[in-house]
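These numbers come from the heavy atoms of this one structure, side chains and all, not from hydrogens, waters or symmetry mates.
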2 protein chains.
Amino acid sequence: MALTKTAIVEAAQGILEEYGLADLSMRRVADSLGVQAGALYYHVPNKQTLLAEIADRILADLREVATLPEWAADLRRVLLGHRDGAELVVTTRAMGLGTVDPTGPARALVPAGPGDHVLRTFEHFVLGATLHDQTRAQLVGIGLLAGFDLEEADEAFRSGVDILTRGVGIFIAPVA
Amino acid sequence: MALTKTAIVEAAQGILEEYGLADLSMRRVADSLGVQAGALYYHVPNKQTLLAEIADRILADLREVATLPEWAADLRRVLLGHRDGAELVVTTRAMGLGTVDPTGPARALVPAGPGDHVLRTFEHFVLGATLHDQTRAQLVGIGLLAGFDLEEADEAFRSGVDILTRGVGIFIAPVA
DNA sequence: ACCTGAACACCGTTCAAGT
DNA sequence: ACCTGAACACCGTTCAAGT
């Protein structure tokens, strides 16, 4: 069968889930499809856009939610559900690639104008915290890091969401 | 003069500031020092630890501060002050490398126990937001992205810090 | 139109051999 | 002890040539 963009994206995602982002090369994707690396460039402009396409597929797992904390937890769930999901989405978002905005399901929960700052703040926290925790969790899995517990990190994440929601005053005396 | 670890770290940082993280290769560092790439490995175990050493140097610019929002602004200032500073520090922190904790100057501002969650939450937000903004600012500089304004991003950052400090209630009606 | 084969210009890391 | 030279096992991307 002929090579298609969809087949390439799916093959790339398969390699990502199985071997991780560091081992996801254009040559490996081509190999798994039984073609030469150069052939990919007839269907995909470059590696970055291919990765952005995978990021879009990952973010498609996002569910509808009723509250901001629920949305934060769901975004974290989706990112942790895919190998190197946080790193992929962080990079894609930072470069302005990808078409799926992770704050999408939360848009309806805040007023259009001032709610924007709230959504961006939540997004940066969720991506920052989850990138940190997922990287560490994966290092523990390879035996390159010890003393990190994802359950504890989940607990800290929920505290972070509480702080964003109610302010630091819930944990410490209000600051100037 | 003989090659030293310090000379290698300084040369690497020089290349980072001038050409960026993507162009910072062991071979380039070696070239700039007039040695072969393999020679570096007698003084530095690998590239990651070399990068961690640069991250430590960058975080050494952190000032003493009196409040949490002031510390957040200072960390952002330091990261934006070095090319790819945010990416470098995010990666180094996630992998548990580097010896300088960016929350250091803020430790004295919060109580020992519950203050920890507050610090980590602030750290993840500052790193997440600044990584995002610095990447976009640098893409604008190369002409690969338009419609991003760092002044606006700074403003959004300050709003984010306000939300962390006082809760989302200052921007929108309190959420469940 | 679509793909191969081969090349260009690189990587991080290792290691025998020299000094 | 410290460095060179050369290798190993790769990269992303381009492009003439074939079908």
Side-chain angles (χ1 to χ4, degrees), chain A residues 1-16 18-55 83-84 87-88 91-92 94-95 97-98 135 138-139 142-144, chain B residues 1-16 18-55 83-84 87-88 91-92 94-95 97-98 135 138-139 142-144:
Chain A
M1 56 229 141
L3 199 57
T4 62
K5 188 175 168 180
T6 313
I8 293 171
V9 176
E10 275 166 5
Q13 184 167 12
I15 288 164
L16 174 72
E18 202 166 348
Y19 304 101
L21 197 55
D23 288 338
L24 170 49
S25 70
M26 296 302 271
R27 284 174 149 91
R28 232 177 204 275
V29 174
D31 270 11
S32 84
L33 289 164
V35 297
Q36 293 292 317
L40 304 180
Y41 290 85
Y42 201 87
H43 305 273
V44 168
N46 51 51
K47 189 181 177 180
Q48 308 256 37
T49 29
L50 174 54
L51 294 180
E53 220 111 24
I54 301 176
R83 173 105 92 125
D84 289 315
E87 188 180 343
L88 188 66
T91 308
T92 301
M95 311 223 312
L97 299 174
T135 304
Q138 287 175 173
L139 286 174
I142 312 294
L144 285 175
Chain B
M1 54 233 141
L3 199 56
T4 62
K5 187 175 167 180
T6 314
I8 292 170
V9 176
E10 275 164 5
Q13 184 166 11
I15 288 164
L16 175 72
E18 201 167 348
Y19 305 101
L21 196 55
D23 288 337
L24 171 48
S25 71
M26 297 301 270
R27 284 174 150 91
R28 231 177 205 276
V29 173
D31 270 10
S32 84
L33 289 164
V35 297
Q36 292 291 318
L40 304 180
Y41 290 84
Y42 202 87
H43 305 274
V44 167
N46 50 51
K47 189 181 177 180
Q48 308 254 39
T49 30
L50 175 54
L51 294 179
E53 220 111 25
I54 302 176
R83 173 107 89 128
D84 290 315
E87 189 180 342
L88 188 66
T91 308
T92 301
M95 311 223 312
L97 299 174
T135 304
Q138 285 174 175
L139 286 174
I142 312 296
L144 284 176

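Distances from the side chain of A:Ala2 to the nucleotides D:dT13, C:dC11, C:dC3 place C:dC3 closest. Here D:dT14 is the nucleotide among C:dC3, D:dT14, C:dG5 with the atom lying nearest to any side-chain atom of A:Tyr41. Of all nucleotides listed (D:dT13, C:dG12, C:dT4), C:dG12 comes nearest to the side chain of B:Arg27. When the nucleotides C:dG12, D:dT13, C:dC3 are ranked by their closest atom to the side chain of A:Met26, D:dT13 comes out on top. Closest to the side chain of B:Lys47, out of C:dA1, D:dG12, C:dG12, is C:dG12. Closest to the side chain of A:Tyr42, from the set C:dC3, C:dG12, D:dT13, is C:dC3.
Mapping B:Asn46 and A:Gly34 onto DNA chain C by nearest heavy atom places A:Gly34 closer to the 5' end of the strand. In terms of position along DNA chain D, the nucleotide closest to A:Asp23 lies nearer the 5' end than the nucleotide closest to the other residue of the pair A:Asp23 and A:Pro45.
For B:His43, a side-chain nitrogen or oxygen approaches OP1 or OP2 of D:dC3 to under 4.0 Å. Distances shown here put a side-chain N or O of A:Gln36 below 4.0 Å from the OP1 or OP2 atom of C:dG5.
Contact check for B:Glu53 versus B:Gln13: no side-chain heavy atoms found under the 4.5 Å cut-off. For the pair A:Leu88 and A:Leu16, the minimum side-chain heavy-atom distance is below 4.5 Å. The shortest side-chain heavy-atom distance between A:Leu50 and A:Val9 falls under the 4.5 Å cut-off.
Listed here is the closest heavy atom pair of B:Leu21 and B:Asp84: N-OD2, 2.8 Å.
Whole-Å rounding puts the A:Tyr19 OH to D:dC11 P distance at 13 Å. Straight-line distance from the NZ atom of B:Lys5 to the P atom of D:dA1: 18 Å, rounded to whole Å. We find that CG of A:Leu21 is positioned 13 Å from P of D:dC11, with the value rounded to whole Å. In this structure, A:Asp31 places its CG atom 14 Å from C1' of D:dG12, rounding to the nearest Å. Rounded to whole angstrom, the span from the CG atom of A:Leu40 across to the C1' atom of D:dC11 amounts to 14 Å. A:Ile15 has its CD1 atom 10 Å from the P atom of D:dC11, to the nearest Å.
With a cut-off of 3.5 Å on both Watson-Crick or G-U wobble distances, the partner of D:dA7 is given as C:dT13. Base-pair partner of C:dG18: D:dC2 (Watson-Crick or G-U wobble, both distances under 3.5 Å).
Annotation: C:dC10 and D:dA9 have their C1' atoms spaced 13 Å apart (nearest Å).
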Chi angles and distances behind the side-chain contact (heavy atoms from CB on, under 4.5 Å) call for B:Leu24, B:Ile54: CA-CA 12 Å; B:Leu24 171 48; B:Ile54 302 176; 4.2 Å; yes
